[in-house]
Amino acid sequence: MENKILGLHHITAIAGSAQRNFNFYTKVFGLRMVKKTVNFDDPDTYHFYYGNETGTPGTILTFFLWEGIGKGYAGTGMATEIGYSVPENSLDFWENRFKENGIAVSERTERFGETLLPFNDPDGLNIALIVPSVKDQRKPWETPEVNAVAATKGFHSVTLTLAKIDATAKILTDILGYRMVIQQDSRYRFITDAVKEASIIDLVEQPDGQRGRGAAGTNHHIAFRVADDNIQMSYREKVLEAGLNITPKIDRDYFFSLYFREPGGVLFEIATDNPGFTVDEPVAELGSSLKLPKQYEPRRAEIEKHLPSLT
């Protein structure tokens, strides 16, 4: 099992205010800030990682924080919805909590026999809370206001919206080891049997859909999980054999990364479990101080001056 894609590793989105993003995800949504760092390619901007206690792959939502960036919009060629797994009977709690905090909530709906509550974060990012048909056994991060009765368990699924799904579906099945299990109208569900959670990718086909614009409130990329970088490099060979371009292995301090753009336009990453978020701070202190990639440490004072302070 270990030499397979182990479902989702993380999802990275874009936000336009570090303080607003931090307030929502830690104080309203009840996630843990597991790493406060900067963008490797733009070190004067934050990169936040949220997840469970240790930042277990499959729970990690990250954000590029570009202050004041304009609003984007979801569309084809993009990941258009993040699904979070929540406990049974928790949706009333969440609906009331979101409304009390001015968060846009949509009507509950059913999808493949599961109930979901769609909402938008303060930047407009599409998220759905989903009560899975099989109980999610993952231990959530708890806060004084969001306890285990309602707290999110990690990812349930991610939805990709595409003008045509065929070529993307082939990547999922032939390279990444997923299989299609069910279809509902224009939505096609793919699953990996390698893990029980964070195992679902939905493809939605919209031949006449508007292409998405990446900015605040949209997803930048999705990352698939592998156990280590040896397995990761075997997948690099598979992607190359399929005729796609893929980056060399990149050290992101907390995992190793490969990136390639699948034929439908979505940026895919393959990320490793190793070395993990405790490589530079203990579990009890995760996310409590600014961590910089080593190449930027000599510029710490200058970088800190550019970053907005968080309260």
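Taking the charged nitrogens against the carboxylate oxygens, Asp253 and Lys291 have no contact shorter than 4.0 Å, which rules out a salt bridge. For the pair Glu95 and Arg108, the salt-bridge criterion is met [side-chain N within less than 4.0 Å of a carboxylate O]. Classification of Glu269 and Arg252 as a salt-bridged pair fails, no side-chain N sitting under 4.0 Å from a carboxylate O. Classification of Asp136 and Arg138 as a salt-bridged pair holds, one side-chain N sitting under 4.0 Å from a carboxylate O. Using a 4.0 Å cut-off between charged side-chain N and carboxylate O, Lys305 and Asp44 make no salt bridge. Ion pair Arg189/Glu114 flagged as a salt bridge, since at least one NZ, NE, NH1 or NH2 atom sits closer than 4.0 Å to an Asp/Glu carboxylate oxygen. Residues Lys238 and Glu241 are not paired through a salt bridge, judged by the lack of any N-O separation under 4.0 Å between the basic side chain and the carboxylate.
Under the 6.0 Å distance and 45° angle rule, Lys249 counts as a cation-pi partner of Phe256.
In this structure, His10 has its ring center under 6.0 Å from that of Phe255. For an aromatic pair to be called close, the ring centres must be under 6.0 Å apart, and Phe64 with Phe40 fails this. Taking the six-membered ring wherever Trp is involved, the centroid distance between the rings of His221 and Tyr259 falls below 6.0 Å.
Note: Tyr50 and Phe48 have perpendicular aromatic rings, judged against thresholds of 30 and 60 degrees for the angle between ring planes. Below 30°, between 30° and 60°, or above 60°: for Tyr49 and Tyr254 the angle between ring planes is above 60°, a perpendicular geometry. Ring orientation note: the planes of Phe155 and Tyr84 are tilted relative to one another, at an angle of 30° to 60°.
Closest approach of Phe63 to Ala15, counting heavy atoms only: CD2-CB, 3.9 Å. For the pair Lys27 and Arg97, the tightest heavy-atom approach, listed with the atom from each and the gap, is O-NH2, 2.6 Å.
Side-chain atoms of Asp228 and Gln232 include no donor-acceptor pair closer than 3.5 Å.
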